[in-house]
Novice: 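First the structure, then my questions, so here it is.
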Amino acid sequence: MRGFQDRTEVADAVALLDRRLAQLPSENVAFHDAAGRVLAKDVVSEVAVPPFDRAAMDGYALRGAETFGAGPYNPLEFLVVGESLPGRPASTKVQQGQAVRIMTGAPIPEGADAVVQAEAAEEVVTGNTLRVRITEAVPPGRHVGRRGEDVTIGATVLRAGRVLRPQDLGVLASIGASPVPVVSRPSVAILVTGDELLRPGSRPEGFRIVDSNSVMVGSLVQRDGGAAMPAAQLADRREVLLEALRTCRADVVLISGGSSVGQEDHAPRVLAELGELSVHGVALRPAAPAGFGFVDGRPVFLLPGNPVSCLCGYDLFAGPAIRRLGGRSMELPYRRVRLPLARKIASAVGRVDYVRVRMQDGQVEPLATSGASILSSTTRADGFVLVPRDSEGHAAGETVEVFLYDS
Ligand code: AMP
Ligand code: MG
């Protein structure tokens, strides 16, 4: 890119973010707000789950040793002395020759050590006595869910840094761990510059185009665990941007447009004025005019207005920063596959190339129309290849790593 004296290497820029940014403090949230959040502390169980031995089947709890020899041609009879239901245990102890009718999840009564399933038992009433005829032998322990078989006391059920799955929340609930300590979500301000822009929701009209960057970036922020504030559209005036940035209290600021070195490119100068412009101009195509810096320790990203550059600049710099603050990995959050190239990719030594590719018959090919302003190229593409700085590109037939837009 013309105008940039020294362009920072992509890897150096990311390393700088890695050094300068730390995870935000934690906050406690209720279960219904915890899915997809990042666990802030290891969770150690103070209880056993289940807290008691329980039936794993509907049937009869008895002493397993007494059932030996039972079979369809040799039914054995036990006196039914009570009933155990979930949450309502039997009041009687099981003695020799006795059984307790039991439901799945109900506590195993004292004295019993096994459950015969209902399918292998038949109740017989004689006068006032209820007996059960067993046609299956069960060793001690059969169909009994042991205390602590799910979670033992002192077990670490989840580790800090875990992105909580729905079932994780179930486990946390089962051990009574509430509220849930999670890493705070970074708040993200999106400042959109460009006098030519109409608000998303408008139709392009005359010489004005619709702001697509704030919509795209807002959704990327959400993907990365940030909380995007409603985007603010700013006039292309230095004082307006200065004021917006000076009064902004978000954990991260994203400025779209005006990031280069032209007369209308206020963002880098304003950032340098209010804080520190750490990186301006990167060895990356198509996001060379990207940059970032800090105001009061909070990162501010300069995203080029061209939508593909904006996407690329977000993904390579802002995304990792937001994920870092929110306790997530800085790695690109795209699934990677290795596929052979159907056509060669040309690149230049000295910069990283973000090349949109399409999959076809188990191969990938670079898209023909791929300028920084052609956002629909990223819609037609299945993913992208990052050609390393020191590479002149990849030959047809070479296997490359593809980052897939869809997971
Ligand atoms: P700039 O980086 O402000 O010089 O903008 C470069 C190009 O991207 C220009 O063609 C702008 O019209 C276009 N552009 C800037 N901001 C946006 C936006 N938010 N949405 C879509 N296109 C944009
Ligand atoms: Mg502009």
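Counting starts at 1 for both ligands and their atoms, following the listed order. What you are looking at is a predicted structure, and each value in this text was computed from that prediction instead of being measured.
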Novice: Check Arg37 with Glu27, please: is the shortest side-chain N to carboxylate O separation under 4.0 Å?
Specialist: yes
Novice: Can Arg336 and Glu331 be counted as an ion pair, charged N to O under 4.0 angstrom?
Specialist: yes
Novice: Quick check against the 3.5 Å criterion: does Ser259 have a side-chain atom that pairs as donor or acceptor with the backbone of Pro289?
Specialist: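 Checking the backbone N and O of Pro289 against the side chain of Ser259, a donor-acceptor pair under 3.5 Å is found.
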Novice: Answer yes when Arg199 and Asp211 have at least one side-chain N-carboxylate O distance shorter than 4.0 Å, and no when they do not.
Specialist: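 So Arg199 does not pair with Asp211 through a salt bridge.
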Novice: So if I count the atoms of ligand 1 from 1 in the order they appear, which ones are less than 4.0 Å from some heavy atom of Val192?
Specialist: 19 (N)
Novice: Does any N or O atom in Ser214 lie less than 3.5 angstrom from one in ligand 1, N or O only?
Specialist: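 By distance alone, the answer is no.
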Novice: So is Arg131 actually on top of Phe78's ring, under 6.0 Å and inside 45° of the axis?
Specialist: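 The answer is no; the distance or angle limit is not met.
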Novice: Does the pair Asp18/Arg324 count as a salt bridge with the N-to-O cut at 4.0 Å?
Specialist: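 Arg324 and Asp18: salt-bridged.
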Novice: Looking only at protein heavy atoms, which one is nearest to atom 19 (N) of ligand 1, and what is the separation?
Specialist: Asp211 OD1, 2.8 Å
Novice: For residues Arg338 and Thr399, is any side-chain donor paired with an opposing acceptor at under 3.5 Å?
Specialist: no
Novice: Salt bridge check, Arg246 against Glu243: does any charged N sit closer than 4.0 Å to a carboxylate O?
Specialist: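 Salt bridge between Glu243 and Arg246, a charged N being under 4.0 Å from a carboxylate O: yes.
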Novice: Are any of the N/O atoms on Asn306, whether in the backbone or the side chain, positioned under 3.5 angstrom from an N/O atom of ligand 1?
Specialist: yes
Novice: Contact between Ser212 and ligand 1, counting heavy atoms under 4.0 Å?
Specialist: yes
Novice: What protein heavy atom sits nearest atom 18 (C) of ligand 1, and how far off is it?
Specialist: Asn213 ND2, 3.3 Å
Novice: Looking only at protein heavy atoms, which one is nearest to atom 11 (C) of ligand 1, and what is the separation?
Specialist: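 Its nearest protein heavy-atom neighbour is Glu196 OE2, 3.0 Å.
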Novice: When you check the gap from the basic side-chain N to the acidic O, do Arg133 and Glu123 get nearer than 4.0 Å?
Specialist: no
Novice: I'd like to check which ligand 1 atoms, numbered from 1 as shown, lie under 4.0 Å from a non-hydrogen atom of Gly258.
Specialist: 1 (P), 2 (O), 3 (O)
Novice: Using a strict cut-off of 4.0 Å, indicate which atoms of ligand 1 neighbour a heavy atom of Gly257.
Specialist: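 Contacts of ligand 1 toward Gly257, numbered from 1: 2 (O), 3 (O).
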Novice: Show which atoms of ligand 1 fall inside a sub-4.0 Å distance from at least one heavy-atom site of Ile209.
Specialist: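 So the answer, numbered in order with elements, is 12 (O), 22 (N).
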Novice: Looking at non-hydrogen atoms alone, which of Cys310, Gly262, Gly305 comes nearest to atom 16 (N) of ligand 1?
Specialist: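 Minimum heavy-atom distance to atom 16 (N) of ligand 1 goes to Gly305.
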Novice: Which ligand 1 atoms, with their elements, are less than 4.0 angstrom from a heavy-atom of Ser256?
Specialist: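 Under 4.0 Å from Ser256, ligand 1 has these atoms: 19 (N).
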Novice: Using distance alone, determine whether Ser259 and ligand 1 share an N or O pair under 3.5 Å.
Specialist: no
